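These numbers come from a predicted model, not from an experiment.
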Amino acid sequence: MSPVNTATRVLATATVTAAAAEFAHLAPAAVRLPALRRTLARRTAGLGADPHHVALTFDDGPDPRSTPEILDALDALGGVRATFFLLGSMLERAPALGRELVLRGHEVAVHGWHHRPQWYPAPARDLRELRRASEAVTALCGVRPHWYRPPYGVLTAGPALAARRLGLRSVLWTAWGRDWTAEATGVSVYATARPGLTGGATLLLHDSDCTSAPDSWRATLAALPLIAAHCRAHSLTLGPLRDHAVPGAARG
């Protein structure tokens, strides 16, 4: 075989190997596709086994501007509790608010250190950043987190494996309110979320606009009474993931 042909074969093999490695890294992100989300829902999307429970979750905090308003609104709705997926970079700037979440009965979880998807393989980086975020939640909030939700819902292999190594359960959502847009209102957030507000659902909302349209959290705030009223009317209880009976999830 000529040197040119040999070089071509080596290059082709290297390309296929690199592509296979990248596909293996990105493949878990396919759970965002509706058909596969339905198939994998009970393991990843947060579908609970309790037909009378809806898990209420918030991403991107804690934010001193908006999170206290969300907490007060939940108290006003009869002491509704939720799971807050915290960004390490936000928690570092507002550690007292992280502790307040726990003191007020809410569950804290990990959303990463920065809000960015990890598209390309970097196992050491993924583990380092997720460990940093998890340790920050433990140290600053005073409790060990059990859940991890990747930014943008992009669960690639690197963060997924890092989460498993750190004892975190990866969970996405089954319903959302599109509350991050500039056009969102309380009514629109509720209308978008309503079809998915059924027993076992996990609802994604945001308690911060740090990665969303400015003041979009106000639409979330306005939607909460509508969401709570819907759940009461359908004999559904809003609560944190720890009470959601997600199959295979650790307790404690």
Side-chain angles (χ1 to χ4, degrees), residues 32 37 44-46 54-77 80-94 97-98 100-102 104 106-117 133 136-137 141 145 147-155 159 170-197 201-228 230-231 238-241 244:
R32 301 181 73 207
R37 283 276 303 266
T44 307
V54 171
L56 178 61
T57 70
F58 294 90
D59 283 8
D60 297 354
D63 191 325
R65 289 182 59 247
S66 50
T67 302
E69 299 274 358
I70 298 292
L71 295 180
D72 289 345
L74 295 176
D75 281 344
L77 292 172
V80 172
R81 298 295 175 253
T83 300
F84 287 80
F85 285 87
L86 309 181
L87 288 170
S89 57
M90 295 290 285
L91 179 60
E92 188 177 52
R93 292 195 288 268
L97 189 50
E100 184 179 353
L101 286 168
V102 175
R104 292 174 74 162
H106 299 283
E107 184 179 32
V108 290
V110 180
H111 199 32
W113 189 264
H114 301 290
H115 198 278
R116 61 191 181 203
V137 171
C141 298
W147 306 97
Y148 167 63
R149 175 177 287 158
Y152 302 107
V154 179
L155 185 59
S170 297
V171 63
L172 301 180
W173 57 85
T174 64
W176 63 12
R178 295 188 62 85
D179 56 344
W180 60 85
T181 67
E183 300 77 20
T185 65
V187 172
S188 76
V189 171
Y190 168 60
T192 301
R194 182 177 57 200
L197 294 179
T202 291
L203 175 62
L204 164 66
L205 296 173
H206 295 79
D207 64 309
S208 171
D209 61 5
C210 69
T211 63
S212 306
D215 286 335
S216 56
W217 63 269
R218 297 185 185 278
T220 307
L221 189 68
L224 287 176
L226 303 176
I227 291 169
H230 172 94
C231 289
L238 279 170
L241 279 165
H244 198 43

Just verifying a value: how many Å separate Phe85 CZ and Leu241 CG, rounded to the nearest 0.5 Å? 5.0 Å
Nearest 0.5 Å, what's the CZ-CG distance between Arg93 and Asp63? 8.5 Å
Please enumerate all residues that pass salt bridge (charged side-chain N to carboxylate O under 4.0 Å, His left out) together with Asp60, with sequence neighbours excluded. none
Residues that Asp215 engages under salt bridge (charged side-chain N to carboxylate O under 4.0 Å, His left out), provided they are two or more places apart: Arg65, Arg218
Shortest non-hydrogen contact from [X] toward [Y]:
X	Y	value
Ala213	Ser216	O-OG, 2.8 Å
Gly112	Tyr148	N-CE1, 4.1 Å
Gly46	Val171	CA-CG2, 3.4 Å
Thr192	Pro195	O-CD, 3.4 Å
Leu238	Ala228	CD1-CA, 3.9 Å
Ala193	Ala175	O-CB, 4.4 Å

Residues two or more places apart in sequence or in another chain: which of them pass ring-ring contact (aromatic ring centres under 6.0 Å, His included) with Trp180?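 If we apply the ring-ring contact (aromatic ring centres under 6.0 Å, His included) test to Trp180, skipping adjacent residues, the hits are Trp176, His206.
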Check whether any side-chain heavy atom of Leu204 lies under 4.5 Å from a side-chain heavy atom of Arg149, and answer yes or no. yes
Should Leu101 and Thr67 count as side-chain neighbours, where that means a heavy-atom distance under 4.5 Å? yes
Are the side chain of [X] and the backbone of [Y] linked by a donor-acceptor contact shorter than 3.5 Å?
X	Y	value
His106	Arg81	no
Thr83	Pro240	no
Ser66	Asp207	yes

The single option from Leu172, Leu56, Thr57 passing side-chain contact (heavy atoms from CB on, under 4.5 Å) against Thr202: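 Going through Leu172, Leu56, Thr57 one by one, the side-chain contact (heavy atoms from CB on, under 4.5 Å) with Thr202 is satisfied by Thr57 alone.
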Go through the steps to decide whether Asp72 and Arg104 satisfy the test side chain to side chain contact (heavy atoms under 4.5 Å, CB included), and finish with yes or no. CA-CA 10 Å; Asp72 289 345; Arg104 292 174 74 162; 2.8 Å; yes
Ser188 vs Thr181, test: side chain to side chain contact (heavy atoms under 4.5 Å, CB included). Steps then yes/no. CA-CA 10 Å; Ser188 76; Thr181 67; over 6 Å; no
Begin with the C-alpha distance, continue with both residues' side-chain angles, and end with the deciding distance and a verdict on side chain to side chain contact (heavy atoms under 4.5 Å, CB included) for Leu205 and Ile70. CA-CA 11 Å; Leu205 296 173; Ile70 298 292; over 6 Å; no
For Trp217 and Glu69, test the side chains for any donor-to-acceptor distance below 3.5 angstrom and give the result as yes or no.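 Looking only at side-chain atoms, Glu69 and Trp217 do not form any donor-acceptor pair under 3.5 Å.
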For the residue pair Tyr152 and His115, does the interplanar ring angle fall in the parallel (under 30°), tilted (30 to 60°) or perpendicular (over 60°) class?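 Judged by the thresholds at 30° and 60°, the geometry between Tyr152 and His115 is perpendicular.
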Step by step, would you call Cys141 with Leu91 a side chain to side chain contact (heavy atoms under 4.5 Å, CB included)? CA-CA 9 Å; Cys141 298; Leu91 179 60; 4.0 Å; yes
